[in-house]
Amino acid sequence: LFFGIGLLMTWMVESRLTMPWSDYLIVLAILGSVAVHGMVPGVMLGLVTACVSFVFTLSKSPTIRGNFSLLNRRSNVERPAQQAEILRTHGQAMRGFVLQGFLFFGTTSRLLDEARAALDRTRFVLLDFRLVHGVDGSSTVALKKLRTLCADAKITLVFTGMPREVESVLRLGGVAADNLTLRTFPDIDHALEWCEDQVIAAALPSAEFQAALAGVLSAEEVTYLIAHFERVEVACDAPLIKQGDSSDSMFIIEHGRVSVYLRLGDTTAAGGRRLRLRTFTVGTVVGEMGLYTGAPRAADVVADVPTRALKLSGAQVAVLEKRRPELANKLHRFVVRSLAQRLAGANAQLNALS
């Protein structure tokens with residue numbers, strides 16, 4: 001009798017001070033069921049009620065941590081001014097959502113409603129699964145419905161950062177990449193790069209060097225640079241710049257594409273790896289910090305494809321300033337504008353993530 005009275009005091013009186021009303025009502029329901037039907041039915045009622053309450057509470061938690069577009073979030077690909085302007089103009093062509101938590105029927109239905117509202121004037125819907133720690137079979141139903149909606153609207157669905165177990169569940173549920181209606185990428189950076197490439201290709205079919213520098217340098221000035229500065233040919237996966245080397249020059253990408261990598265440990269040893277910091281395409285400048293500061297190279301710059309670049313050494317730039325001061329000023333303004341665009345892009349991403 002004393003033990004029973006102690007339990008009643010703990011759960012009927014003291015718990016009221018520490019429990020929300022919803023949980024306290026469950027306790028009262030369990031007590032009433034035990035008094036009327038017995039211990040086992042009361043415990044079973046408590047388990048079922050607690051599970052229903054848990055599912056209801058979890059379904060109200062936000063599945064979408066944040067959303068973005070190409071207006072406020074970009075890949076680490078450095079693009080010339082003309083292409084950057086296209087992304088600013090057509091930034092709404094891609095709508096992205098950062099997902100979080102556990103996905104099941106209660107949360108994916110809200111995701112479906114959010115994504116459906118963003119389909120207007122959109123060509124790509126991106127879902128980032130990096131913060132998702134699990135899904136169940138019921139969530140695939142909503143994702144398959146979203147895929148159908150996107151396919152009917154001629155919109156490509158893009159999944160990024162899926163953990164292996166999440167990818168396995170989705171594949172079993174019939175949500176697998178086909179590179180037509182659904183594409184997958186290992187991380188959001190490469191997914192954003194692909195979306196940007198598609199938007200730019202639709203608005204600017206040609207990415208030639210002359211077109212990339214339009215609005216910055218005239219055709220005659222571009223021809224002068226090509227004629228008076230050294231051209232460097234780099235094979236695929238070959239370094240244009242090596243981390244730790246001395247620096248007194250910068251490069252303008254004339255053809256191809258290069259990426260900046262930071263070495264993490266010894267890349268020649270087992271387990272050594274590197275982190276991609278940024279990618280540079282036709283008409284962009286790389287290595288300019290070395291030209292202006294003379295500091296050793298802080299990272300590797302490697303060609304992603306066979307690449308041709310114009311090498312501008314400090315001595316050559318000094319000669320250009322004497323012979324063609326107006327062209328030298330344009331070149332310096334071009335570099336400053338490139339740096340400003342990178343800073344503005346970084347600020348926009350920080351604002352989108354905050």
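Here the structure is a predicted model, which means the values were calculated and not measured.
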Check each of Arg257, Arg79, Arg278 against Glu193 using the salt bridge (charged side-chain N to carboxylate O under 4.0 Å, His left out) test, and report the only one that passes. Arg257
Do Leu111 and Ile64 come close enough that some side-chain heavy atom pair is under 4.5 Å? yes
Any chance NZ of Lys330 has more than 12 other-residue heavy atoms, nucleotides or ligands included, within less than 6.0 Å? yes
Run Ser75 and Glu196 through side-chain hydrogen bond (donor to acceptor under 3.5 Å, both in side chains) and show every step you take. CA-CA 8 Å; Ser75 70; Glu196 291 170 0; 2.8 Å; yes
Quick one: does Arg297's side chain have a donor or acceptor within less than 3.5 Å of a partner on Gly287's backbone? yes
Identified salt bridge (charged side-chain N to carboxylate O under 4.0 Å, His left out) counterpart of Arg276 within the set Asp187, Asp189, Asp300: Asp189
Hey, does Leu262 have a side-chain heavy atom less than 4.5 Å from the side chain of Gln243? yes
Does CZ in Arg323 sit with more than 12 non-hydrogen atoms of other residues, nucleotides or ligands closer than 6.0 Å? no
Please examine the side chains of Leu291 and Val335, heavy atoms only from C-beta on, and report whether any two atoms are closer than 4.5 Å. no
After noting the C-alpha distance and the side-chain angles of Val234 and Val258, does the key distance pass the side-chain contact (heavy atoms from CB on, under 4.5 Å) rule? CA-CA 9 Å; Val234 186; Val258 299; over 6 Å; no
Val301 reachable from Val232 in the ILVMFWY side-chain graph, under 4.5 Å edges: yes
Atom CG in Leu240, atom OG in Ser259: separation rounded to 0.5 Å? 11.5 Å
Side chains of Val125 and Leu119: does their closest heavy-atom pair fall under 4.5 Å? yes
Apply side-chain contact (heavy atoms from CB on, under 4.5 Å) to Leu149 and Leu112, showing your working. CA-CA 10 Å; Leu149 288 173; Leu112 182 61; 4.0 Å; yes
Knowing that exactly one of Leu143, Leu170, Val158, Val175 qualifies, which makes a side-chain contact (heavy atoms from CB on, under 4.5 Å) with Leu182? Val175
Evaluate the criterion side-chain contact (heavy atoms from CB on, under 4.5 Å) for residue pair Arg324 and Glu221; output intermediate values, then yes/no. CA-CA 10 Å; Arg324 298 284 300 272; Glu221 289 169 335; 4.0 Å; yes
Residues Ser313 and Ser249: side-chain donor-acceptor under 3.5 angstrom: no
Please report the closest heavy-atom contact between Ala191 and Leu126, naming both atoms and the distance. CB-CD1, 3.7 Å
In terms of ring plane angle, is the pair Phe185 and Trp194 parallel, tilted or perpendicular, where the classes change at 30° and 60°? tilted
Linking Ile, Leu, Val, Met, Phe, Trp and Tyr by side-chain heavy atoms under 4.5 Å, what else ends up with Val141? none
So do Val199 and Met94 actually touch side chain to side chain, heavy atoms under 4.5 Å? no
Trace of the side-chain contact (heavy atoms from CB on, under 4.5 Å) decision for Asn76 with Leu277: CA-CA 6 Å; Asn76 287 325; Leu277 301 178; over 6 Å; no
Once you round to the nearest 0.5 Å, how far does NE2 of His133 lie from CZ of Phe102? 8.0 Å
For residues 146-166, which residue pairs pass the side-chain hydrogen bond (donor to acceptor under 3.5 Å, both in side chains) check, not counting sequence neighbours? Asp128-Thr160, Arg147-Asp178, Arg147-Thr181
Tell me, do Leu310 and Arg231 make a side-chain contact under 4.5 Å, heavy atoms counted? yes
Quick one: do Leu157 and Leu180 end up in the same hydrophobic cluster if we chain Ile, Leu, Val, Met, Phe, Trp and Tyr together by side-chain heavy atoms under 4.5 Å apart? no
Describe, in one word, how the ring planes of His332 and Tyr292 are oriented to each other, choosing from parallel (under 30°), tilted (30 to 60°) and perpendicular (over 60°). tilted
Applying side-chain contact (heavy atoms from CB on, under 4.5 Å) between Phe68 and each of Asn72, Leu71, Leu70, report the one that passes. Asn72
Between Phe280 and Val285, which heavy-atom pair has the shortest distance, and what is it? CE2-O, 3.3 Å
Are Val98 and Arg73 close enough that some pair of their side-chain heavy atoms sits under 4.5 Å apart? yes
State yes or no: do Tyr261 and Val77 share one hydrophobic cluster built from I, L, V, M, F, W and Y residues joined by side-chain heavy-atom distances below 4.5 Å, directly or via other members? no
Taking a hydrophobic cluster as the set of Ile, Leu, Val, Met, Phe, Trp and Tyr residues connected by side-chain heavy atoms closer than 4.5 Å, whether directly or through intermediates, do Leu275 and Val260 fall within one such cluster? yes
Spell out, yes or no, whether Leu312 and Leu339 are grouped together once hydrophobic residues are joined by side-chain heavy atoms under 4.5 Å, including indirect joins. yes
Hey, is the main chain of Ser33 close enough, under 3.5 Å, to the side chain of His37 for a donor-acceptor pair? no
What one should report as the nearest heavy-atom pair of Glu254 and Val282 is O-CG1, 3.6 Å
Minimum side-chain heavy-atom gap Glu233-His255 below 4.5 Å: no
Here the pair of heavy atoms bringing Gly91 nearest to Ser69 is O-CB, 3.6 Å
Measure the CZ-CG distance between Phe3 and Leu1 for me, rounded to the nearest 0.5 Å. 12.0 Å
Can you give me the closest heavy-atom contact between Ala235 and Ala303, atom names plus distance? O-CB, 3.4 Å
Considering all heavy atoms, the nearest Leu131-Arg65 contact: CD1-NH1, 3.1 Å
